[in-house]
Asker: 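Dropping a structure here in structure tokens format, bear with me for questions.
In what follows, chains carry the letters A, B, and so on, assigned in the order in which the sequence lines appear, proteins first and then strands, with residues in each chain numbered from 1. Note that the structure is a prediction, hence the values are computed from the model and not measured.
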Amino acid sequence: MNLVTTLFYTFIFIAAGAALCMLFVKNIFYAALLLMACLLSVAGIFILSNSEFLAATQIMIYAGGVLVLIIFGLMLTAKISGKPLHIGHQNVIPGTLVGLAFLGVLIYSYSSLVLDLPSGIQPTGNSVNVIGILLMTDFVLPFEVSGILLLTSLIGAAITASSFSSKK
Amino acid sequence: MNLQNQLQWILDSTTFIGAELILLLGMIILLVSGLIFKRDVNFFFHAIAFLTLLTSAIIVIIDWPENPVRLFNGMIRYDDFSSYLKILIDLGGLLTILLSRNKIQKKKPEYFLLLIAIILGAHWLVMSMNFVMVLLSLEMISLSSYVLVGFGFDKKGAEGSLKYFLFGSVATAVMIFGLSLLYGMSGTLDFSTNKFVSTLLEQKSPLVLIGGLMTLSGFLFKIVAAPLHLWAADVYESAPTPVVAFLSVVPKLAGFGVLIKFTLAINLFGQSPYNWQVILGTISMLSLTIGNFSALWQTNPKRMMAYSSIAQSGFLLVGLTCLSISGIHAILFYASIYLLMNFLTFLIIQQFELDHTSPTIPSLAGLGRKFPFQSIAMGIGLISLVGFPITAGFTAKFFLFSSLWEAFSQSGKPILIVLFVFGLANMVVSLFYYLKMPYYLFLKEPPSEKPIPATIPLWENLLSAFLVVLLLVLFFQPALLMGWINRINFVL
Amino acid sequence: MQHLISYLIFLPIIAALLALFVPAVHQKVFRILALSVSFLQFLLMFLIFQVYSTTGKSFQLIEKASWITLDLGSWGVFKAEYFVGLDGLSLIMVLLSVLILFIAVLSSWNNEKNTKGYFILLLVLNGAILGSFCAMDLLLFYLFFEFMLLPMYFLIGIWGGPRREYASIKFFLYTLLGSILILIVIIGLYSSVKEPGAGVQVVHTFNMEYMKDSGNYISGSVLNYSEPWIIGPWSARLWAFLFLFIGFAIKLPMVPLHTWLPDAHVEAPTAISVVLAALLLKIGGYGLARLAYPVFPDGAVYFSWFVGLMGLISIIYGALNALASKDLKRLIAYSSVSHMGFVLLGLASGTIEGISGAIYQMFSHGILSAMLFLLAGVIYDRTNSRIIENYSGLSSVMKNYTAFIIIAFFASMGLPGFSGFIAEIMILFGAFKSNSLNTLLPEWMAVTATLGLILGAAYYLWTIQRMFFGPLSVKVQGDLRDLDYREYTMLIPLAFIALLFGVYPQPLLDIINPFAHALANTVTQFVKIH
Amino acid sequence: MTANLAQDSIVFYTALAALLLPLLSFTISISVANRYSWTVSLIAPFLLLLSFLSACFVLLHVSKETSLHSQITWFTLGDDEITFGFLLDTRTVLMMVVVSCISFLVHLYSTGYMAEDTSIQRYFAMLGFFTFSMMGIVMANNLLMIFFFWELVGFSSYQLIGFWNDRPSAAAAATKAFIINRIGDAGFLVGIMILWTYGGSLTIDQINIANIPSSYLTLAGICIFCGVIGKSAQFPLFTWLPDAMEGPTPVSALLHAATMVAAGVFLLVRTYFLFMPDVLMLVASVGAITSIIGTIGALLQYDIKKILAYSTISQLGLMVMGIGAGDPFASELHLYTHAFFKAGLFLCAGSIIHVLHQASRQKTLDVQDIRNMGGLAKLMPVTFLASLIMAGGLAGIPLSAGFLSKDAILTGLLQGEIIFLFIGFSISILTVVYAFRLIWFTFLAKDSLPEYIQREQVSDPALMMRIVTVILAIASLWLMISWSPIDFNGWVSHYAQKKVIINSALITGTSAIIILLTGLAAYFYFKDKTLNKKTANTMFRNFDFDLLYKKIIVTPSLNLSNGTQTIDQKWIDGLLHLAAYSQVALAHFMGWWDKSIIDGSVNGLAIVARGTGSITRSFSSGKIQSYILWSMLGLIIFILWILF
Amino acid sequence: MNASQSILLLAALLFSIGLMIVFIKRNAIMILLGIELMFNSANLNLIAFNQSQPFLVDGQIFALFIIIVAVCEAAVGIAIILRAYHYYHSAIPDHVSELKEKN
């Protein structure tokens, strides 16, 4: 077991562990931090899986963007109400059962899956280059559309967050 | 293929997406003018939005494709099937703009911008042949819808918006997971290629099914079908009426556009080890039952129409269950008629809404005498929704069930005949609640003298008259539309 | 003389459209419009009789125009036509309709409540009824058939009695259920039948004439003759017959699918009761004779015993219920159930006597039930009560009314000299003969059916005895004046017709016979095959 | 056919006139306005006289060699034709004359009897209509036509019995008469169906030559006999006839004594060829039972009209028995004679009732009770004499026509079972007794008229009524059928019958002696007897047959009809409502599903959770998350369902 | 078990946990976190499957777009939650629940 492999499984365990902990923590702020830990280790897995560009995006957007946004919202909502960041549970049993059912079905399906994947990590060249070209050629339309999407959601978010009318 | 050719191809491709570019242009104009102009030039925004959609529709008609063309390296395909749906979508948008009264919406430019964004997303969605495009355009529709639902800017709207968002995001997440599984199984994102089909044929893993069903659930969310229908009633109740009218039609049409293609792909031309007809048939029956039976005891017209929307999706799914070309034609016809009758009904609901902000059905009692024209128009719309002669709703259901019968007589699968009888029986059930409104309008006496709602603008009456006439004409001459639809040569 | 039938059908519809634009305050305009439409239809009927030849076997005065032709690619061509024509069966029914609708307009002359809406709906109903009797294209027939429901629903629901809402909903649901069953078969038929002699492409047609010919069925289709699909215990063709039978039997109505009828009748205004009993019930019988029997003779043969039994049950059950009824209109409604049971029995026999008797009975019952409901309407008009117990000895104050009641009751119970007698005799003869001729019905059915005659006498005479004889005593308020001129103008022609065709039935039989012959032959052929 | 064609057609049209003149009378009578109602009592008898004369004309021109037969197609029934035609043979013509004659006389009588009634038009109209229908039965050449007129006769009977329909008893009697007749007619109709199906025709002479399977022939005979039972008031359907006396007395004379009830006998004679020996046995038995019942009834009754009604039942039973066990012609003969003397007796009774009624200060109805009469011979001598002659006819005293015809029946019975002969003789004896009783207590016994009768007003009725009774009395003498007072093979039998049964001197002698002796015995028996007024015989109600019918037929069928009504309203509609409710319930369930299961805390699973010992219970309603949960549950169920 | 399979298993785990969070946690923002987790599990899947085609980077690009979508979702989501909070003074979806089946 070399370093890379060790690192790989470490990331996996961190990610899994952080996610599991999210289920059990009562403080929403901790949950956000756990999510960040989880996402960062997923970024690690991406790096080890030869997807450096993706990993960078993951770290930048999630850690730098999404989570900040979420924590920001978290603070905003928690602060105004002045309530603790404590969160309650509900639907525990049925929710768990359904979740476990999905997990079970997926694991069952994976067990019969024959993936002709090369074992271990494949040290191949940098994929950033390829991705860059593809985004400008094959995937140019999705690329542009995602721009429109971002614009739209920006406007939508702005509208939603900014205008309030009478509190009926 | 070298880079040069690819770039050339991209340039060539752009010539085919004129309508979409116009929509984009409209969005930008609205955005900019919204910043520049004062907020009270509502008519201007109306006009811009209307013109944009009109131009887009005209361009789609002018550039009617003779042969399907794959654009942007197979990201989208430009064919008559999608063009037809695009026209319907644009029409839905136009009707929504006509429905959007001045008083109701503030923030006009943003409102229209988001409306057009949804239409643009719908355009992309019906053309898309690639999971990436499916995801992006679906999200474009969803995100704008979440915001639009809250455009009443009141408490209810905020709640509806939140519920819609939470439900929708989970549905999207599940769909994305499903897409990733399908990608893993097929090794391609382009679901119209041979590679997709041939690889999946070799795959024996149940992940194909799981991925397929998870992906399907994203589409089912969009078309409001069971079991992902639960959000509908709450959301429809909270949203402004034009938005409900819009949301009950346009995303549904777009969703069906992609659902049809996806279903045919995942069914692997009938060679799939899984019986997708049974799945679709069951979903259809579930939607029919849930929609119709839940609608029975509703007293809020919009909630009722939400369940009606679920049931109507069930009817549309009947056509999809056929998995045949005539079934698809029937769906297209039904969708066109559904567009007309649904908008007609919502138009009148909105007219009756004017004074009492959220009318219950019993509060409509006796209004038939005061508003004979509106009541009759609503009656015709609802009768059409039931599927009763002499409205085009009957013709649409007739074609739908004919194609189902045809599929049955060719394959003899029991699920089809079960669905056939089941669907027709549901027609009877639907009568109960659809006729509730005409029943109160005409047969019930008003409890006391009520304040008469404000006068209804002439052009709205003209619009409803136009829709009524269309519904009647398309009953007597379905060939006007069906002839056109029949020329659509659907290939995957 | 080219488009007589179209004029007949569309005259009222166009009039209804015109009436839409007349302001509602001019009540008289609507009455006169409706009356003049009916009158013009009368004239058209005269013209039609000039052209129609009773010796011609098949359809006459045919009008054909393409309506929907859709190329559905590999599936073939979807073809529905505007195809109307008259054969014996249709002509009888059209004649009856024109007559009854005229009476209905007269009968609703004094309507004050929302006159505009009322007459517009009546006119639309008029067109739909005539259309469904003339249509030879299945889709066209279904269109008119369905379209009758809506005006009827509103006519009962708005202008009806205290429980009108319940009655109208019940009426609507029952009949809609029936029409769904019919729709299933229509879809099945249209996809199984092709137009003969068309080119390479299969032309799916709704033409009822083509559906009768076993050669026009696409081989391998669900409803084909030679190898029909088996679904459950029966072949698809038998199922189709059963569905059609139930669908039309609801209209007829047949026990136990009849409970909408008493309610609808009791609640409906007089004119609507008249139309309902005289015409709408006939659509059921008409549909069986026009569609179910000729297109599915195999089903007719297979289920004949069942159909006959249901007819028999209807006869006796309806009569028993009439005996127990306390409301005059309810009594008449149940008597309709009983009388329409004869229609089923006659059809089930598959003999010429039975079939022509069934058609004759439809005509006769149309006339007589119209008369009965008009008479029930008279007493309701005077006192606002139809409860039999409230009256006694009416004959001493309303002499002529009593005379007409006696005529109508005796005619309805099958007194010789009135049309009902001829009809019931023919049906009973046919049903009895069936056993020795084509073995479709056992003889005991015809014998038992005579019980209906006895019970008929019982409930009618008992009613006369209670209401009209004995010392005068009326428990409700009201002006017990005798018939007025308007009522005479409605009743005398009806009584005269009932009498005329009871004494001299040949003119009607001349019209009916070719149809009955053809149908009986079709059925008999199938008896021989099996 | 020897007569030439022109003559034939004249005869035929005359016969048609005899048929249609009463119908004309009906039409005129019903359309005359109230103001001119007196014209009716002129026109109607006149038209009937014309009809009678026409019938006589036909009688002169038709003999057994020259019977006329003419028919046209009435309507086509499938491939076969139903004809409308007349068969004018001697039997028909004789019956035509009898019917039109008595009808004419009754019309004449009614002008007096009904003079004060206000609805005289309706009365004469229905009389005319009856005569028309009765002539129709007589003349018709096929069974369907007979049935046609048969029912019309029933209708006119209904109308005439219920003529005074403000009396509840009259209305009830009318209804009863019609319904009971309908029961018989239903049987008749079945018989016609059998003959149509297996005989291929309904014309009487066609059926005669048709080859019908014997089992069906037997059935057909029984069925047709059912019609006879109803119409001729045979056991067990005789109960309507005594009730029918609620009608005006001339009506009873015409319909319920002379003609209508005799139609059954006429039909039996007409279709005699259809009856197999077994059926004839049945016919004879029924006739015998009926005649016994009728006789006993007549012996026990006190109501003058009801005595006559029961005697009619008895005589009809005798005729039917005569057909069944003996010779049809004898019964036919008795039918003719009976028509005259019974009609006459009724009219005499009518005269008495009429006179007493007018003389009565109280408007009570017991003027028909013979216990309230007696000694009328002095007050109403003409009526007494006429009654005496006709009662003699009824009793079968020698020198009356009744003696001859009864003699013929008894002679005919010689051929059959001896029991029937015995019954025949017994009936004859008892007939003498009750006929004597009737005359004795009405006319000859001690005067028991109640006080409220003004005796000075009691006298013979109006001239017209007197004349009619006298004519009928004369027609009851032996000359009516034969020149010889001891041989019934007179001119009637020569005219009508080719085969003549031999007059048996033994029977003639025996019966003459027995009848005279009985008369003598009756005289001595009744001489000093008075009728007990106190024990008003209310117990005598048609031998309680009515009660029996009520118990086994009427009440059960009413209960049944109430039952079906319940089924209709409770079960069928109940089922419908149940379906509607269950639909609503299902809708509520769906709503509950949304509200409780999906919105709510998932109680079901929570219960499972509690069972598994979980601590956390979530009762708070988490809306949107539950929606999502349930949607995902749906998805996973789908996956699992398809996978496994 | 090779690396790809472990990634797949991790993805399945994250997906299920995400779902459970959505079902169980009574807070809208927490639900948002759960949804992000689910998005990520899809990304993991894509990367794992993309290993079998090392020269095609479709999976990676798809993952990239998924991240973009996630961002948009988060932005709009936070805005919507904030607005609901504005009206209801709570981020707990149960409290934001006036719309439901009446009676």
Asker: Count the heavy-atom pairs under 4.5 Å between each of E/I29, E/L19, E/L32, E/V76 and chain A, then report the option with the highest count.
Answerer: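 Of E/I29, E/L19, E/L32, E/V76, E/I29 has the most heavy-atom pairs under 4.5 Å with chain A.
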Asker: Can you name the nearest heavy-atom pair linking E/Q60 to A/N50, along with the distance?
Answerer: NE2-O, 3.4 Å
Asker: What's the shortest heavy-atom distance between A/A157 and E/A79, and which atoms?
Answerer: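 Residues A/A157 and E/A79, closest heavy atoms: O-CB, 3.5 Å.
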Asker: Of all heavy-atom pairs between E/L14 and A/C38, which one has the smallest distance, and what is that distance?
Answerer: CD2-SG, 4.0 Å
Asker: Given the rule in the side-chain contact (heavy atoms from CB on, under 4.5 Å) test, do E/L44 and A/F46 qualify, once you have shown the distances and angles that lead to the verdict?
Answerer: CA-CA 8 Å; E/L44 278 173; A/F46 285 170; 3.8 Å; yes
Asker: Taking every heavy-atom pair that is under 4.5 Å apart, which of E/I17, E/I7, E/L13, E/V22 has the most such pairs with chain A?
Answerer: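 Of E/I17, E/I7, E/L13, E/V22, E/I17 has the most heavy-atom pairs under 4.5 Å with chain A.
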Asker: When rounded to the nearest 0.5 angstrom, what is the spacing between CG in A/L150 and SG in E/C72?
Answerer: 4.0 Å
Asker: Does any heavy atom of chain A fall under 4.5 Å from the side chain of E/I80, the backbone, both, or neither of them?
Answerer: both
Asker: Could you tell me which portion of A/L20 (side chain, backbone, both or neither) has an atom closer than 4.5 angstrom to a non-hydrogen atom of chain E?
Answerer: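 When you check distances to chain E, atoms from both the backbone and side chain of A/L20 fall under 4.5 Å.
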Asker: Would you mind checking which part of A/V25 comes under 4.5 Å of any heavy atom in chain E, side chain (CB onward), backbone (N, CA, C, O), both or neither?
Answerer: backbone
Asker: So, does E/R83 use its side chain to make a donor-acceptor pair with the main chain of A/T160 at under 3.5 Å?
Answerer: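 Side chain of E/R83 to backbone of A/T160: a pair is present.
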Asker: If you count heavy-atom pairs under 4.5 Å with chain E, which of A/L54, A/L106, A/I45 comes out on top?
Answerer: A/L54
Asker: Are the side chain of E/K25 and the backbone of A/L23 linked by a donor-acceptor contact shorter than 3.5 Å?
Answerer: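 It does hold such a pair.
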Asker: Among A/A31, A/S51, A/G156, which residue has the highest count of heavy-atom pairs closer than 4.5 Å to chain E?
Answerer: A/S51
Asker: Taking the side chain as every heavy atom from C-beta outward, state whether A/L135 and E/L64 have any atom pair closer than 4.5 Å.
Answerer: yes
Asker: Heavy-atom cut-off 4.5 Å, strictly under: side chain, backbone, both or neither for E/I78 against chain A?
Answerer: side chain
Asker: Return the option, out of E/I81, E/D58, E/V69, E/N43, with the maximum number of heavy-atom pairs under 4.5 Å with chain A.
Answerer: E/N43
Asker: At what distance, to the nearest 0.5 angstrom, does CE of E/M38 lie from CZ of A/F102?
Answerer: 8.0 Å
Asker: Between E/L10 and chain A, which part of the residue has a heavy atom less than 4.5 Å away: side chain, backbone, both or neither?
Answerer: side chain
Asker: For the CD1 atom of A/I28 and the CG atom of E/N27, what is their distance to the nearest 0.5 Å?
Answerer: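 One finds 3.5 Å between CD1 of A/I28 and CG of E/N27.
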Asker: Evaluate E/M20 against A/L100 for side-chain contact (heavy atoms from CB on, under 4.5 Å), listing each step before the verdict.
Answerer: CA-CA 8 Å; E/M20 287 189 226; A/L100 287 179; 3.8 Å; yes
Asker: Can you tell me how far OG1 of A/T57 sits from CD1 of E/I68, rounded to the nearest 0.5 angstrom?
Answerer: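 That separation rounds to 8.5 Å.
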Asker: Looking only at atom types and distance, does a side-chain atom of E/Q51 sit under 3.5 Å from a main-chain N or O of A/S49, one as donor and one as acceptor?
Answerer: yes
Asker: Nearest 0.5 Å please: distance from the CG atom of E/L8 over to the OG atom of A/S109.
Answerer: 11.0 Å
Asker: Given a strict heavy-atom distance threshold of 4.5 Å, which part of E/I47 is in contact with chain A: side chain, backbone, both, or neither?
Answerer: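 Just its side chain gets close to chain A.
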Asker: Which bit of A/I12 is near chain E, if near means a heavy-atom gap under 4.5 Å: side chain, backbone, both or neither?
Answerer: both
Asker: Measure A/L35 against the heavy atoms of chain E and call it side chain, backbone, both or neither at under 4.5 Å.
Answerer: side chain
Asker: Please round to the nearest 0.5 Å and tell me the distance separating atom CG of E/L37 and atom CG of A/L39.
Answerer: 7.0 Å
Asker: So if I take each residue of residues 137-144 of chain A and look for any heavy atom under 4.5 Å from a heavy atom in chain E, which residues do I end up with?
Answerer: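 The residues closer than 4.5 Å to chain E, in numerical order, are A/F139, A/P142, A/F143.
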Asker: With a 4.5 angstrom heavy-atom cut-off, is it the side chain or the backbone of E/E36 that approaches chain A, or both, or neither?
Answerer: both
Asker: Closest heavy-atom contact between A/G99 and E/F23?
Answerer: N-CE1, 4.3 Å
Asker: Please state whether the side chain, the backbone, both or neither of E/I24 comes within less than 4.5 Å of a heavy atom of chain A.
Answerer: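 It is both, since atoms from each part get that close.
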